[in-house]
Amino acid sequence: MDDAPSLRRSAQQTTRKPSVEWDFVPPLTTSALTSPEVHTQGRGITYGTAAYVLWGLFPAYWPLLVPAQPLEVLAHRVVWSFVLLAIAVAVLRRWRPFVELSGRGWLIVTAAAVLITANWGTYIYAVNSRHIVEAALGYFITPLVSVALGMIFLKERLRLSQVIAIGVVVIAVIVLTVDYGRMPVISLLLACSFGVYGLLKKKVPLDAVSSLAAESAVIAPIALVYLLALGSANTFTTEGTGHTLMILSTGIVTVIPLLLFGAGAQRIPLTTMGMLQYLAPILQFVWGVFVAHEPMPASRWIGFALVWLALAIFTFDALRPSTRRHAGAPRSPEGNAGPPRGRRSG
């Protein structure tokens, strides 16, 4: 969901203790935890929950920007996110990483920028064209797509339960393809773009804020040219002060959940944050079905039930103590593992 992979990786790096073997995920509350630790984890859960709830409520936000078309909304989001992030980088004095980033690093940043822009644009289009449920499906299957990408590109070995979960998702996609009368293109675009984005983020030597700022810097000039080229079709100044303020808020709406996610990721275990990630697609699904009243025939319920079954298998496998001992940390959506430091993934 947006730039969550870099936030996960940044939080993991800043809290790593190489000398400590971690073969367990500490419970949220236990007598072994001191009062300050319990308080810290409680705050972490609050921050993480807030981030995913905000992401889950995006279907209520993007339609408020109508009559702006999805491509115009996307361009404004990129530009105003860059403005906000540039201010943050200036205040935090984090310019040096940009100067020190190699040419190869900038190529990776550029590729990541294209992918996250495609992800954002696809989601905005999905919401404003009343394909919210299909978009929710994309974020439900993202963790499993990331595991599959790790197998393909990182040569990671999958456990039997992971293979079964991926197989169930493939069956679900086939069922939903028959139901829709077409491939669930929006779902697959969201899941694949975010999954590959996560893989690329592993190679970017920047912290979360700097990384997203760099990506925005790559796309912002193109977005700005597009907005200028719109001329009178640009709704920024033609639909009243309220609409202008809503357009400006796209930057805040993008950055605030990421900051909350980062704050939560530093305070709670990887597995806990991993469980919270399902809040966003659950809320999106509920909004699509019960608020937007998108059609859900029986065949579509069957397809989603298969997806949820696959996620249950995947989650149970990640939570098993034997899995954590022998396979390492619970897996983040970008396919890498990390210890149960204070944190969760996009």
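Note on V173 and L137: same hydrophobic cluster, where clusters join Ile, Leu, Val, Met, Phe, Trp and Tyr whose side-chain heavy atoms are under 4.5 Å apart, directly or indirectly. Note: the hydrophobic cluster containing F140 does not contain L309 (ILVMFWY, side chain heavy atoms under 4.5 Å, direct or indirect links). Clustering ILVMFWY residues whenever any of their side-chain heavy atoms sit less than 4.5 angstrom apart, transitively, puts I124 in a cluster other than the one holding V66. Note: the hydrophobic cluster containing M183 also contains I141 (ILVMFWY, side chain heavy atoms under 4.5 Å, direct or indirect links). Hydrophobic clustering (ILVMFWY, side-chain heavy atoms < 4.5 Å, transitive): L160 and I166 are in distinct clusters.
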For this session: Take F98 and W106 through the side-chain contact (heavy atoms from CB on, under 4.5 Å) test and state the conclusion after the steps.
Result: CA-CA 9 Å; F98 295 96; W106 277 108; 3.9 Å; yes

Problem set entry | F58/V253 under side-chain contact (heavy atoms from CB on, under 4.5 Å): CA gap, chis, key distance, verdict | CA-CA 9 Å; F58 270 11; V253 165; 3.3 Å; yes

For this session: Take F236 and L227, measure what side-chain contact (heavy atoms from CB on, under 4.5 Å) needs, and give me the verdict at the end.
Result: CA-CA 9 Å; F236 183 65; L227 290 173; over 6 Å; no

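Counting only distance, with no hydrogens or angles, the side chain of S193 and the backbone of L190 share a donor-acceptor pair below 3.5 Å. Judged by distance alone, with hydrogens and angles left aside, the side-chain atoms of H243 form no donor-acceptor pair with the main-chain N or O of T241 at under 3.5 Å. W120 places no side-chain N or O within 3.5 Å of a backbone atom of L74 that could act as its donor or acceptor partner. Side-chain atoms of R267 come within 3.5 Å of backbone N or O of A263 as a donor-acceptor pair. Side-chain atoms of S146 come within 3.5 Å of backbone N or O of T142 as a donor-acceptor pair. In terms of modelled atom types and a separation under 3.5 Å, the side chain of D317 and the main chain of S161 share no donor-acceptor contact. Under a 3.5 Å cut-off, the side chain of T235 and the backbone N or O of T238 do not form any donor-acceptor pair.
The aromatic rings of F261 and W55 are tilted relative to each other, their planes meeting at an angle between 30° and 60°. The aromatic rings of W308 and F285 sit perpendicular, their planes meeting at an angle over 60°, well past the 30° parallel limit.
The distance from atom CG of L65 to atom CE of M246, rounded to the nearest 0.5 Å, is 5.0 Å. Between atom CZ of residue R94 and atom CG of residue L85 there is a gap of 11.0 Å, rounded to the nearest 0.5 Å. Interatomic distance, R157 CZ to Q162 CD, rounded to the nearest 0.5 Å: 12.0 Å. Between the OG atom of S81 and the CD1 atom of I252 there is a distance of 10.0 Å, given to the nearest 0.5 Å. The OH atom of Y52 sits 14.5 Å away from the CG atom of L57 when rounded to the nearest 0.5 Å. Rounding to the nearest 0.5 angstrom, the gap separating the CG atom in L54 from the OG1 atom in T49 is 10.5 Å.
Nearest heavy atom pair, residue V73 against residue A68, reads CG2-CB, 3.7 Å. When every heavy atom of L260 is checked against every heavy atom of Y47, the shortest pair comes out as O-CB, 3.4 Å. When every heavy atom of A90 is checked against every heavy atom of W95, the shortest pair comes out as CA-NE1, 3.6 Å. Pairing each heavy atom of S216 with each of P221, the nearest pair is O-CD, 4.5 Å. Here the closest heavy-atom approach between residue E239 and residue P67 is recorded as CD-CG, 3.7 Å. In this structure, P63 and N128 approach most closely via the heavy-atom pair N-OD1, 3.4 Å.
With contacts defined as side-chain heavy-atom distances shorter than 4.5 Å, the pair L306/V169 does not qualify. Within the 4.5 Å cutoff, the side chain of P143 has heavy atoms near those of the Y278 side chain. With contacts defined as side-chain heavy-atom distances shorter than 4.5 Å, the pair M151/V163 does not qualify. No side-chain heavy atom of H76 sits under 4.5 Å from any side-chain heavy atom of Y226. Looking only at side-chain heavy atoms (C-beta outward), F82 and E215 stay at 4.5 Å or farther from each other. Side chains of Q41 and P269 form a contact here, defined as non-hydrogen atoms less than 4.5 Å apart. Residues N119 and L115 form no side-chain contact, since every pair of their non-hydrogen atoms from C-beta on lies 4.5 Å or further apart.
Enclosure of atom CH2 in W62 by more than 12 non-hydrogen atoms of other residues, nucleotides or ligands within 6.0 angstrom is indicated. Within a 6.0 Å radius of OH in Y125, no more than 12 heavy atoms belonging to other residues, nucleotides or ligands are found.
Taking the charged nitrogens against the carboxylate oxygens, R77 and E72 have no contact shorter than 4.0 Å, which rules out a salt bridge. Salt bridge annotation for E134-R300: absent, with no cationic side-chain nitrogen under 4.0 angstrom from a carboxylate oxygen.
Side chains of T250 and Y61: no donor on one and acceptor on the other come within 3.5 Å.
Residues in residues 288-299 take part in these side chain to side chain donor-acceptor pair (under 3.5 Å) pairs, two or more places apart or across chains: D179-S299. The salt bridge (Lys or Arg N to Asp or Glu O under 4.0 Å) contacts involving residues 119-132 comprise nothing, where partners must be two or more places apart or lie in separate chains.
Every residue two or more places apart in sequence or in another chain was checked for a salt bridge (charged side-chain N to carboxylate O under 4.0 Å, His left out) with R104, and none qualifies.
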